[in-house]
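Single-structure report; data block below.
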Amino acid sequence: MKPNDYNAEHIEKKWQKYWEENNLYRTEDSVDGKENYYTLSEFSYPSGNLHVGHWYAFAVPDIFARYKRMLGYNVLYPMGFDSFGLPAENAAIKHGKDPRKWTYDNMEYMKGQLRNMGASFDWSRTLATSNPDYYTWTQWMFTEFYKHDLVKRDITKVNWCENDKTILANEQVVAGTCERCGYDVVQKDMAQWMFKITDFADELHDDLDTLDWDESIKQSQREWIGRKEGSIIPFKIQESEVYDINTGPGDDAYRKGAPIIERNNVVVIIEHPEKDEFLCAKWKQVDWQGFVTGGIEEGQTIEETALAEVREETGYQNPEIVKVHDQSSHGLFWHVVKEENRQANYRIVHVKLKDLEQVERSKEEQAIADFLWIPRTEVNDFLKREDMKYPWRVVSRSNRVFGEYKENSKKRDTVKVILRNEKGEILVMLTSGGEMDLPGGGLDDGESIQECAIRELKEETGYTNIRFIQKIGHNRTYSHHAPSNTYCDCNISIVLCELEDYELSSKNISKDEPDTKETWMRPEAMIQNFVTNPVYKDAPKGWVEQYLNHLYSQISVFTTRADTLYGATYLVLAPEHDMVQNLKPQMTNWNEVESYLEKTQKKSDLDRQQSKEKTGVQLKGIEAINPATGKAISVWIADYVLAHFGTGAVMAVPAHDERDCEFAIKYNLPFRFVCLPSAGEQGNSRPLITSGENAFIQAAGTTEKKGSQEHINAEWNAMYDLLGTLPDGVLPEGKRFCCSNTGKMINSPAKNDNYSQSGIINGKTTEEAKKIITAAVDGKMTKTYRLRDWGISRQRYWGCPIPMVYDPDGNPHPVPKEHLPWTLPDDVDFTPDGTAPLSRSEELKKRTEEIFGEGWTPEVDTMDAFVDSSWYFYRYLDSSNSKRFAGEQAIKSWMPVDMYFGGAEHTTMHLLYSRFWTKALHKLGLVDHNEPYTGRLNRGLILGPDGAKMSKSKGNVIDPDEVVSHVGADTVRMYLSFIGPYNEPGNYPWDPNGVVGIRRFLDRVWRVAENLSDTTSKEITSELHQTIKKVREDIERLKLNTAISSMMSLINSIEKGDGIAQNEFDELLKLLAPFAPHITEELWMRTHDASIHLQSFPEPDTSKIVSVMKVLPIQINGKVRSQIVIEEGESNEELHNRITQMNDVQKWIEGKEVVKCIHVPGKIINLVVK
RNA sequence: GCCGGAGUGGCGGAAUUGGUAGACGCGUGCGACUCAAAAUCGCAUAUCUUCGGGUGUGAGGGUUCAAGUCCCUCCUCCGGCACCA
């Protein structure tokens, strides 16, 4: 190499050092006269080595940042590391090193590599999410979100591998088995911390319209959020007939259709005469197992049996009946003597001992069991145990609630209101004493129960739009636990109301109860609270079960086709639906149902979606009422209905829904056709779903080719013919089909039908009918979302600790700010064994107890790494601030991000999460903007030279360091920009020869610089300014490939022509500077003192763009036949004459007539000849 | 199945509002330099051709003086969603 040759390695090192020493890229928060511009590229995991993907992600946007800087913007282009998370931990495990050391070593190494790109990062602002001074703010924001009700702890279903004892992500589940070990994956309930991202679902959806992003990115987000509009329609459950056990002995006691039950039993709950304890049986000295039970002998009453069993089994002589609970049920029963499980009917009898007079028990009884007195709380625990199959759990809690304090009572009629929202949640009030209650109050004089309920709700909750649904059950007399710790006896009516919307009226909120906090709870969660809350244990709660039973006596379905309600012939629930468990006592085929539940539990979501064959089980003994027709329909469970979509229940309309059709044919369920497709809706596509023997076309009897228009028409005609013969739309067997098109309603109701609704929707269109029928059946128009709350708990070590601690009662509390950062402990063996590694840290345990007190325990899960990356763009703005996550002024001057470069794989997760984060910060008043990124660009992927994704196993990985050492960083940067348009996320293969092409170009630039001329020709000057214009336009659009190609053309012209003078060459260098910062700096500094990167970007001088000759193509009948040089000032007529004289043209128009001559100035001339 | 986006030489890709399709680069061929090779430089390179011209932007139709670009139908690929009620 000659001394004057282009030596990339040398000059790149030289100028990188110079820039660093001169702080060329230090970015101030504001510069006078310059507008701020925030360019961001997604930071990366410190996985150890920079690959070509990093260059594509960082070096190409650097061109854009440099360009903006030369345009006069104050540009921030920062870089950092997403240094928490699975990839780092897995890699650390694999390499047998401490993840902390491994991660930080990698970061140091990668920083060095990043410097070689010649990128204009401001390193003074760098960050790493695993630094305590970073994650202290992650934790602080978590606790702030918690305080503002944006965080919750909830139990959700997760994929669980029994073998590895760990949670798996959906992607790790392959066909229902674990990706790693092949073991079956089950769905398991686990408590998780979650961000309530669904609170922002509408905003996240609607605000997309305000963003200047590529439509495909927005569309992906919309689909991920998955908003659907439809109706929620309530279906009442028909109460099943139950024979009371008292009506007769023997078989009469069994419920209709129930499986054979061995006998009728009593379960006796024995209460201590003085203490708050119950007598329980302890068998085989190991564990207490239950209560005294016994069989009812023929001719005996329940009371007699109960008292006899107490005397026989316990020896206590003086029991008295408190209550025989009026609900009978059946279930499995462990028979101690026979040592086997048996089916039996139970009656629960509550007995209280008058005294403790006791005689010796029989030897047999002594052999079986010891008896012991157990405190009430333990009894409750026992009743909640997983293995408790006894169905009398609930009943047993309803004892001992009335009549204790009647002396001081004052009677007043009151209401308790169950206020329900559209999600089926119930509003409860949490008073300052921790007591859980429903809103309610006393009836004023002359007020109806309904009026009182709505008035009280408005006063207590502030909600203005409340709808009365129904009064539940009868008035009941209860002791009411009043705030002054006295009890009064009163009639309580339970009223069910529903919220129409969430509008609040602040002035109507009662001032009486300032300590009251309202919470929405799911009914199951509510039961849990009522049962476990110690404050509540003596308060009346019998009615809790009662109103929940009523609440559960209906099933709400979500449908987008409410108009077809008259065609709903059965209901299908997801197997996980709450009602399945709640209706268990009424079911006559529980065994069958249970085995189906077990089967589906084993399947993952993915698995369920893959097996297309629909399966299901009818819930026998259960019937629902179609609210439109008033007719009873059957209820099924099937795993094609998904628990987490809509309400987890669907109304099945087999005649108008493909899936319902398939299911109904399989199980022979009725079809009713209620919507006639409009003529315009038929289209050319095949309208009918036909299936197996029911294939409708067979009835049509056509001979046309299947799939042809004629065949389709025949189907339609056959359908119309058939429907004409069916007065009520009920399809006969063998002619069952389905048509999901919209249209006009028919048979809703049909003639001579006794349906409860008169013909309010018959003849209406689908859209009209949806609204009318929804209102008519007390349904609601609503929206549902695919988006689910964001669960962030991970049973991993290398992540941000969740800053929560639990008091001795297990209640969570946020770690206060003064104890942040809540540091990640060091004394942990992080090898995964299924439990959270932090649970093994002694230091964390000790720390928690020292700060919060004895019995307090730390949360041991860490956060999903997506949490760390949801706000990092704020930290760059002020990365050393120890008072705030970022200073307010810094945020104001930079946010929102003007252009965010990233991978398409982050479109739905990271991009959505960080948008949520910004909206949450905005809601808390911490930032003044509502969206984090104004611009977003998804980049493509660099493939290996073979066109496949780069991977070590394929051996097609390109090592950028190696390429750089051969051709230089400038070449690699430019090649990556040249490979394809950066504004379209395509896949571009790396072509080793293509790199050489770019290097040749830079060599030419060098050569031109070595051979500058004294003057520049007009043509080159013109082309230079055209190039300037084009390059500006192209970078602005991020079509860097064409910007480079135009510069190549210019260099080609310069070399072919008479060269270029210093002045013009300087312009070219500046044009090239963002792309190739090193070589341009080297050539520029030969004649200048200040860096080229501090210069302004060239502006095109249009006056210098001259066309020396205007050559226009001549077309004849649209085909190019010749060219002509336009002369200035020539009239159209003169031009036309000149053209028709031309030999090239003559040839084509000879003997023909020129009809028309179209002259588009500067573009084309077209002669039309005949 | 639904919703986006795309289909152009041997390859990556140009063609910004309908106006000369294939810019620029790679590859290939020929030539120069060289004892030779590499590197470099120059010329050529959609395709068929009877050398007049014909045909060409996934397929077929349409609008227009003129269509890669606009309209209709279909096919393929990529991305997102999906037993979503």
Side-chain angles (χ1 to χ4, degrees), chain A residues 214-226 228 230-231 557-562 564 568 572 574 605 608-614 638-642 644-653 656-660 662-663 684 740 784-786 904-905 907-908 938 943 947 975 978-981 984-998 1000-1001 1003-1004 1007 1030 1033-1034 1037 1039 1041-1052 1055-1056 1111-1123 1147 1155-1160 1162-1169:
Chain A
D214 197 84
E215 190 53 38
S216 66
I217 305 176
K218 295 201 228 176
Q219 194 58 28
S220 287
Q221 290 217 350
R222 285 192 198 104
E223 262 153 26
W224 187 266
I225 295 165
K228 284 224 165 61
S231 310
V557 302
F558 175 75
T559 177
T560 54
R561 288 295 303 274
T564 61
V572 191
D605 265 11
R608 273 163 70 163
Q609 286 159 26
Q610 272 165 357
S611 57
K612 291 277 175 202
E613 170 77 17
K614 288 183 177 49
D639 66 3
Y640 79 89
V641 176
L642 306 174
H644 53 256
F645 184 80
T647 60
V650 300
M651 62 180 218
V653 186
H656 298 287
D657 183 282
E658 207 178 315
R659 293 154 311 197
D660 298 338
E662 197 187 313
F663 191 80
N684 295 332
S740 53
T784 64
Y785 303 87
R786 195 193 92 92
E905 70 274 19
T907 301
T908 45
N938 279 3
L943 306 174
Y975 174 65
F978 187 65
I979 202 166
E984 288 170 27
N987 299 329
Y988 309 110
W990 176 277
D991 178 0
N993 291 315
V995 181
V996 174
I998 295 288
R1000 279 182 198 144
F1001 165 70
D1003 283 337
R1004 285 174 180 208
R1007 207 158 54 218
K1030 176 140 181 71
E1033 286 166 1
D1034 284 351
R1037 290 189 300 153
K1039 294 211 59 160
N1041 53 336
T1042 49
I1044 293 171
S1045 77
S1046 68
M1047 287 188 284
M1048 287 173 163
S1049 293
L1050 177 61
I1051 283 288
N1052 288 350
E1055 284 208 312
K1056 262 182 211 162
V1111 182
L1112 277 199
I1114 299 170
Q1115 289 185 339
I1116 290 151
N1117 282 347
K1119 295 212 159 81
V1120 181
R1121 299 300 182 188
S1122 184
Q1123 289 189 337
K1147 191 163 71 183
V1155 186
K1156 222 174 178 182
C1157 175
I1158 292 148
H1159 178 200
V1160 184
K1163 297 273 187 189
I1164 207 153
I1165 297 161
N1166 192 5
L1167 299 182
V1168 186
V1169 298

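Note that these values count all heavy atoms, side chains included, but never hydrogens, waters or copies made by symmetry. Each chain gets a letter, A, B and so on, in the order its sequence line appears, and its residues count up from 1.
When the C1' atom of B:C83 is taken as reference, atom CG of A:D639 falls 9 Å away, rounded to whole Å. The CG atom of A:N987 sits 10 Å away from the P atom of B:C78 (whole-angstrom rounding). One atom, CE of A:M1048, and another, C1' of B:G12, lie 12 Å apart when rounded to the nearest Å. Distance A:E984 CD to B:A14 P: 6 Å, rounded to the nearest Å. Computed from coordinates, the A:K1119 NZ to B:G52 P distance equals 19 Å when rounded to whole Å.
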For nucleotides 40-44 of chain B, give me every protein contact, N/O to N/O, under 3.5 Å, one pair per line with atom names.
residue : atom : partner : partner atom : Å
B:U40   : OP1  : A:R1000 : NE           : 2.9
B:U40   : OP2  : A:R1000 : NH2          : 3.3

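Remark: the A:K1156 side chain and the B:C65 base include no donor-acceptor N/O pair separated by less than 3.5 Å. Checked by distance alone, A:K1030 brings a side-chain donor or acceptor within 3.5 Å of a matching partner on the base of B:U16. For B:C65, its base sits under 3.5 Å from the side chain of A:N1166 at one donor and acceptor pair at least.
Residue A:V1120 has its side chain nearest to B:A21 when only B:G80, B:G25, B:A21 are considered. Side-chain proximity of A:Q1115 to B:G13, B:A21, B:C83: nearest is B:A21.
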Dot-bracket notation for RNA chain B, counting Watson-Crick and G-U pairs under 3.5 Å, with | for partners on another strand:
(((((((..(((......[....)))((((((.......))))))(((....)))..(((((..]....))))))))))))....
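Of the candidates A:L1167, A:N1166, A:L1112, A:L1112 is the only one forming a side chain to side chain contact (heavy atoms under 4.5 Å, CB included) with A:H1159.
Under the 30°/60° scheme for interplanar angles, the aromatic rings of A:F663 and A:Y640 are found to be tilted.
For A:K1039 and B:A14, the shortest distance from a side-chain N or O to OP1 or OP2 is below 4.0 Å.
Using P as the reference atom, B:C83 and B:C75 are 24 Å apart when rounded to the nearest Å. The separation of B:G56 from B:A46, taken at their C1' atoms, amounts to 8 Å, rounded to a whole angstrom. Only the C1' atoms considered, B:A44 is 46 Å distant from B:G80, to the nearest whole Å.
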Derivation and outcome, side-chain contact (heavy atoms from CB on, under 4.5 Å), residues A:M651 and A:T564:
CA-CA 10 Å; A:M651 62 180 218; A:T564 61; 3.8 Å; yes
side-chain contact (heavy atoms from CB on, under 4.5 Å), that's the test. Do A:F645 and A:R786 meet it? Break it down for me.
CA-CA 7 Å; A:F645 184 80; A:R786 195 193 92 92; 5.6 Å; no
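Among the atoms of the strands shown, none is found under 4.0 Å from any heavy atom of A:K218. Nucleic acid contact class of A:P981 (heavy atoms, under 4.0 Å, all strands): sugar-phosphate only.
Applying the 90° cutoff around 0 to the glycosidic angle, B:G54 is assigned anti.
Residue-to-nucleotide proximity on RNA chain B shows that, of A:Q1123 and A:T559, the 5′-proximal contact is made by A:Q1123.
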